[in-house]
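Quick caveat, the model's predicted, so the values are computed rather than measured. We number each residue from 1, following the sequence as shown.
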Amino acid sequence: MSQTAVKAPGVPDANRWKALTFIALAQLMVVLDATIVNIALPSAQQDLGISDGNRQWVITAYALAFGGLLLFGGRIADLWGRKRTFVAGLIGFAGASALGGAATNEAMMLGARALQGAFGALLAPAALSLLAVMFTEPKERAKAFGIYGAIAGGGGAVGFILGGVLTEYLDWRWTFFVNIPFAIIAAAGAYFVIREPAGGRNRSPLDIPGVILSVLGLVTLVYAFTRAESEGWGDSVTVGLFVASAVLLAAFVITESKVKAPLLPLRVITERNRGGVYLSLGLAIIAMFGLFLFLTYYLQIVKGYSPVKTGFAFLPMIGGMMVGSTQIGTRLMTRVPPRLLMAPGFLVAALGMLLLTRLEIGSSYASTILPAMILLGLGMGTAFMPAMSLATTGVEPRDSGVASAMVNTSQQVGGAIGTALLNTIAASATTSYIKDHIAGAGSKAQQQLVLLEGQVHGYTNAIWFAVGILVVAATVAATLINTGRPGSGAMTGSGEGAEDELPVPVVAH
């Protein structure tokens, strides 16, 4: 570790904007990876001889390791130091990506995906908590989190474009190899540029029972939702997994309330504003992940778009997110309370989603999908930006890693729920539509039309649920989040030992 790795608390770091470049690059890599592999999966499956039954494990192995280990990764960042954890996570992620790109069989691919998830769980909380401790002045913090929020929200859609281009013009293996230069540049930049504020470590001994219960509880929960998507909600194993995850997570909460140095200090999540952020963000991600899935299917299967064209069709949403995060959110965050950005942001996104409930086989991209994408991007970008910042505002330095991990956990669990829940709703609506209409279709062409109409009917049914979920997210943000604008003195601390008011988003005392 370099001698310049630590700086005095309370002194702004001269290199903080350079550091943001490398933190943002690492965040982009992690978010890209969540969607880029989806596009490459059919080609990889064929090359490696993965069965249809096991195909989902290429996605699930990553999701389970990432979602299950996030809290542990956040605590490691607080214990080891965020810079060291960040660099270690990047190097590990690059190695796992190289292994995935070089995979010669199913086992090697699944192992590489699980390793990517594990190192991603080290990397993601460290990245967010580094931002939290490096940017403490309200206007600068707003700008930094605006950029980070835009990348966190828009990176998934960029993954569709990059995945399509790499798969179509090079080879599916490049969807893994592309991570390596990202990781090397971000790790080298972070090592030489980032100087972490002094005094922010949490050197308490590791809470081993908390680690075991949280990992088992979160892995079981994510797997339960993934299994529900393929096997159905009434499947006995699925129900058993949900019950087991509830028991394990309840035991985790009880353990954390009793141990001396908990993995997740309950003060982090019981603070009203942070609890509101985690809940509303998780709900919004449920709606968003379902939408990515349905729009991808709609554009490729119903409209016949190529993977590359589908990726480019998502560009207006990325543009909207960039504008919402870096222009609207950043400019207003220091002037209005966060709830007045988050709640309207989620409602604007819900309005965009509402337009998509009108989808039909012959719907025009320009008149229906394009305005919906723009509204979704603007709304989500505006809401994500203050949410990312508020999630780590007023947190004691020793808790910033685990508070950051909770943001990623609510996103990861939200993504798993969104994909499984909305997919199940869509599949059920499609089945009943086809059952009701197929008898009246005489020719093969008419039957084919009914099948496509059934699919679109399923998507619009699920999108109605997504609209409702976004309205609930807006309601949660408006009612639970009651802090004033940064600098107004309305934000309270993070629980025990932090009762004093924090007038600005201070993370390093």
Test side chain to side chain contact (heavy atoms under 4.5 Å, CB included) applied to Met317 and Met288, step by step: CA-CA 11 Å; Met317 184 160 71; Met288 282 297 283; 4.1 Å; yes

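- Although no hydrogens or angles enter the test, the distance criterion places a donor-acceptor pair under 3.5 Å between the side chain of Ser214 and the main chain of Val211.
- In terms of heavy-atom proximity, Arg358 sits nearest to Ser363 at O-OG, 3.8 Å.
- Heavy atoms only, all atoms of each residue included: Gly381 and Ser325 are closest at O-OG, 3.1 Å.
- The main-chain N or O of Leu480 is found under 3.5 Å from a side-chain atom of Arg272 such that the two form a donor-acceptor pair.
- Residues Phe225 and Trp233 place their aromatic rings such that the two centres sit under 6.0 Å apart.
- Side-chain atoms of Lys303 and Lys309, non-hydrogen and from C-beta on, never get closer than 4.5 Å to each other.
- At least one side-chain heavy atom of Leu283 sits under 4.5 Å from a side-chain heavy atom of Val476.
- Phe182 places none of its side-chain heavy atoms less than 4.5 Å from the side chain of Ser97.
- The distance from atom CG of Asn423 to atom OH of Tyr459, rounded to the nearest 0.5 Å, is 9.0 Å.
- Looking at Leu295 and Leu356, their side chains come closer than 4.5 Å, going by heavy atoms from C-beta outward.
- Aromatic pair Tyr62/Phe66: centroids less than 6.0 angstrom apart.
- Shortest non-hydrogen contact noted between Ala118 and Ala65 is N-CB, 3.7 Å.
- Around CZ of Phe312, the count of heavy atoms belonging to other residues, nucleotides or ligands within 6.0 Å does not exceed 12.
- Of the possible donor and acceptor atoms, one in the side chain of Glu256 sits under 3.5 Å from a partner among the backbone N and O of Leu264.
- A donor-acceptor pair under 3.5 Å is formed between the side chain of Arg113 and the backbone N or O of Val58.
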Would Leu249 and Thr220 count as a side chain to side chain contact (heavy atoms under 4.5 Å, CB included) here? Give the steps. CA-CA 10 Å; Leu249 291 173; Thr220 308; over 6 Å; no

Stepwise side chain to side chain contact (heavy atoms under 4.5 Å, CB included) check, Phe93 with Leu115: CA-CA 7 Å; Phe93 200 91; Leu115 273 176; over 6 Å; no

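- In plain terms, the two heavy atoms of Pro386 and Met342 that are nearest each other are CG-CG, 3.7 Å.
- Using modelled atom types, no side-chain atom of Asn482 and backbone atom of Asn273 make a donor-acceptor pair closer than 3.5 Å.
- The cationic atom of Lys83 (NZ for Lys, CZ for Arg) lies less than 6.0 Å from the six-membered ring centre of Tyr191 and within 45° of the ring axis.
- Remark: the backbone N or O of Thr357 is not paired with any side-chain donor or acceptor of Thr460 at under 3.5 angstrom.
- For the atom pair CD1 of Ile194 and CG of Leu130, the computed distance is 5.0 Å after rounding to the nearest 0.5 Å.
- Counting heavy atoms from C-beta outward, Met380 and Phe346 have side chains that approach closer than 4.5 Å.
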Please step through side chain to side chain contact (heavy atoms under 4.5 Å, CB included) for the pair Ile286 and Phe465, ending with a clear verdict. CA-CA 10 Å; Ile286 290 174; Phe465 275 86; over 6 Å; no

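- Looking only at side-chain heavy atoms (C-beta outward), Leu299 and Ile369 come within less than 4.5 Å of each other.
- With values rounded to the nearest 0.5 angstrom, Leu351 atom CG is found 9.0 Å from Leu347 atom CG.
- The shortest non-hydrogen separation linking Ala127 to Ile23 is O-CG2, 3.6 Å.
- Between Leu390 atom CG and Tyr278 atom OH the span is 9.0 Å, to the nearest 0.5 Å.
- At least one donor-acceptor pair under 3.5 Å links the side chain of Tyr365 to the backbone N or O of Ala313.
- The closest side-chain heavy-atom distance from Leu281 to Phe384 is below 4.5 Å.
- Closest non-hydrogen pair, Gly217 versus Leu248, comes out as CA-CB, 3.7 Å.
- Within the 4.5 Å cutoff, the side chain of Met29 has heavy atoms near those of the Leu90 side chain.
- The structure places OG of Ser410 at 13.0 Å from CZ of Arg274, a figure rounded to the nearest 0.5 Å.
- Here the OG1 atom belonging to Thr475 is positioned 10.5 Å from the CG atom belonging to Leu470, to the nearest 0.5 angstrom.
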